[in-house]
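Note that ligands are numbered from 1 as they come in the structure, with each ligand's atoms numbered from 1 the same way. For this chain, numbers begin at 1 and follow the sequence in order.
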Amino acid sequence: MGNLTTQLGRLATVAFGGLFLAISGSFAEDAGNLYNTNFDINAGLRYFERQCSRCHGFDAKGNDETGAPDLTGRLTRASSEVGIFNIIRTGIPGTAMLPVAADLPDSQVWQLVAYIGSLSTNPANIDLPGSVVSGSRLFTNKGDCNSCHMIDGQGGRLGPDLSRVGERRSPEELLSDLLNPHDDVAPRWWTMRVTENDGTVREGLRMNEDSFSLRIMDNDANLWSYPKNQIASFERVEASTMPSYTQTLSDSEVDDLVAYLFSLRKEN
Ligand code: HEC
Ligand code: HEC
């Protein structure tokens, strides 16, 4: 996993965790990129093709002849969105990297920043150590993830649908989902532990609850309904029902699952 962690470290520097340095003067401020929708990314791409690709290449992977570096991985001169903004706005003195036209509005510079940011989260540009094919086998075989998770209509409903999880989770977050499932569990996935009057304890996802009754779904997808005044007690459990895989899967198996999950997108 050292391998993945190093790569993720590299990613994180360009993936903009949201920590921006405030820089004084005419430089960009600490507000993050407000021009970061798909529309902006596409506008940035079009501008890039016209003004930047002749040196950096149409795929932004750099060009040895012009000496313009690859912009799809970790940048050497910037580690934040603001840093990239400033390079584009002011250029890199003493090199072929010139500033953009002074009358180019900041909004368009931010669109370029958004485009460059999108390159580092594009799965085609991310070289993860795991194997997508092995990960997909693990998901249904040894990992038994499909007993709780649905992908493209196949699987269980005891956890979130993962059909497009690669669009909403970074490789780093997916790794943490597998190793530390109890961090940040959304209320939708909290469970209830009900103690019946005869002492029987049942636990399950909280499906419905109002003042008088509650309904839970246990791990075998059985529904249990209870009038609240006919049970001994109930409590909410804010931990995940998903086990941690630190012990049961090897580092390389976890890498494979991360690669597979990250590949799950609409286009597939
Ligand atoms: C005439 C060639 C040329 C053009 C056009 C050009 N660049 Fe560059 N760019 C370079 C070179 C050369 C460097 C490396 C300078 C250095 O670090 O020595 C560079 C560096 C960069 C870097 C810093 C990369 C890093 O790893 O830190 C960014 C970001 C960048 N360019 C973005 C752009 C954008 C966006 C455009 C279009 C608006 C653009 N460049 C247009 C030649 C060019
Ligand atoms: C017993 C049921 C269960 C099993 C088995 C299970 N999960 Fe989960 N999983 C959940 C639940 C519930 C959540 C939501 C709560 C949370 O964040 O942990 C979840 C969350 C996730 C998430 C985060 C999804 C998101 O949208 O944020 C990922 C990724 C994930 N699981 C992958 C896996 C993989 C891969 C396996 C197999 C190695 C697996 N799960 C096995 C129940 C399960």
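Scanning the protein for heavy atoms near atom 24 (C) of ligand 2, the closest one is L162 CD2, 3.7 Å. Closest to atom 13 (C) of ligand 2 among all protein heavy atoms lies P160 CD, 3.3 Å. Looking only at protein heavy atoms, the nearest one to atom 42 (C) of ligand 2 is M242 CB, 3.5 Å. Looking at atom 34 (C) of ligand 1, its nearest protein heavy atom turns out to be C52 SG, 3.4 Å. For atom 17 (O) of ligand 2, the closest non-hydrogen atom on the protein side is P181 O, 4.2 Å. Nearest protein heavy-atom neighbour of atom 29 (C) of ligand 1: L71 CD2, 3.9 Å.
Using a 4.5 Å heavy-atom threshold, the side chains of K142 and R137 count as separate. Side-chain contact between L138 and Y260 is absent, with no heavy-atom pair separated by less than 4.5 Å. In this structure, the side chains of V113 and I88 come closer than 4.5 Å at one or more pairs of heavy atoms. Contact check for F234 versus R193: no side-chain heavy atoms found under the 4.5 Å cut-off. Taking 4.5 Å as the limit, some side-chain heavy atom of L158 sits within range of a side-chain heavy atom of M217. With contacts defined as side-chain heavy-atom distances shorter than 4.5 Å, the pair L257/L249 qualifies. Taking 4.5 Å as the limit, some side-chain heavy atom of T191 sits within range of a side-chain heavy atom of T241.
Looking at every heavy atom in both residues, S163 comes nearest to D152 through OG-N, 2.8 Å. Between L174 and F262, the shortest heavy-atom contact is CD1-N, 3.7 Å.
With a 4.0 Å heavy-atom cut-off, ligand 1 is reached by the side chain of I92 but not by its N, CA, C or O. In L98, neither the side chain nor the backbone holds a heavy atom less than 4.0 Å from any atom of ligand 1. Within the 4.0 Å heavy-atom criterion, neither part of N219 lies near ligand 2.
Listed for the D59 side chain is a donor-acceptor partner under 3.5 Å among the backbone atoms of K61. Under the 3.5 Å distance criterion, the side-chain polar atoms of D177 are left unmatched by any main-chain donor or acceptor of P181. Distance alone, capped at 3.5 Å, is enough to place a donor-acceptor pair between the T66 side chain and the C55 backbone.
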When you look at T37 and D40, which way does the side-chain hydrogen bond (donor to acceptor under 3.5 Å, both in side chains) test go after all the steps? CA-CA 5 Å; T37 63; D40 296 307; 2.9 Å; yes
Pair R168-E173, salt bridge (Lys or Arg N to Asp or Glu O under 4.0 Å): steps then yes or no: CA-CA 9 Å; R168 62 173 186 273; E173 290 167 327; over 6 Å; no
Step-by-step salt bridge (Lys or Arg N to Asp or Glu O under 4.0 Å) determination, E49 to R46: CA-CA 5 Å; E49 285 178 344; R46 284 193 303 276; over 6 Å; no
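Under 4.0 Å is where a charged nitrogen must lie from a carboxylate oxygen, and between D210 and K228 no such pair does.
Each of the atoms 34 (C), 35 (C), 36 (C), 37 (C), 38 (C), 39 (C), 41 (C) of ligand 2 lies under 4.0 Å from some heavy atom of C145. Ligand 2 places these atoms under 4.0 Å from at least one heavy atom of C148: 1 (C), 2 (C), 3 (C), 4 (C), 5 (C), 42 (C), 43 (C). Close approach of ligand 2 to W189 (heavy-atom distance below 4.0 Å) involves ligand atoms 12 (C), 14 (C), 15 (C). Counting the atoms of ligand 2 from 1 in the order shown, those under 4.0 Å from a heavy atom of L257 are 38 (C). Listed by number with element, the atoms of ligand 1 under 4.0 Å from a non-hydrogen atom of R54 are 5 (C). In summary, the atoms of ligand 2 found under 4.0 Å from a heavy atom of T241, numbered by their order in the structure, are 1 (C), 12 (C). Of all the atoms in ligand 1, the ones that sit under 4.0 Å from a non-hydrogen atom of V100 are 38 (C). Heavy-atom proximity to I88, at under 4.0 Å, picks out these atoms of ligand 1: 35 (C). Heavy-atom contacts of R169 reach the following atoms of ligand 2: 27 (O) (cutoff under 4.0 Å). Heavy-atom proximity to T95, at under 4.0 Å, picks out these atoms of ligand 1: 15 (C), 16 (C), 18 (O).
In this structure, of G166, S240, G135, the residue bringing a heavy atom nearest to atom 18 (O) of ligand 2 is S240. Counting only non-hydrogen atoms, the option in G67, A68, P69 that gets closest to atom 19 (C) of ligand 1 is P69. Evaluated by nearest non-hydrogen atom to atom 43 (C) of ligand 1, the leading choice among G83, G94, C55, A60 is C55. Between the choices V254, D177, T248, I151, the shortest heavy-atom distance to atom 22 (C) of ligand 2 belongs to D177. Of the options E253, R168, K142, R157, the smallest heavy-atom separation from atom 26 (O) of ligand 2 is shown by R168.
The shortest N or O to N or O distance between T76 and ligand 1 is under 3.5 Å. The shortest N/O to N/O separation between L174 and ligand 2 does not fall below 3.5 Å. At least one N or O atom of R77 sits closer than 3.5 Å to an N or O atom of ligand 1. Inclusion of Y245 in the set of residues having an N or O under 3.5 Å from an N or O of ligand 2 is not warranted.
For the pair SD of M97 and NE2 of H56, the angle at atom 8 (Fe) of ligand 1 is about 170°; rounding is to 10 degrees.
For the side-chain hydrogen bond (donor to acceptor under 3.5 Å, both in side chains) test with Y226, the passing option among E209, R215, E196 is E196; the others fail.
Under the 6.0 Å distance and 45° angle rule, R202 counts as a cation-pi partner of W224.
Residue contact check for ligand 2: H182 places no non-hydrogen atom closer than 4.0 Å to it.
Residue H149 counts as close to atom 8 (Fe) of ligand 2, with an N, O or S atom under 2.8 Å.
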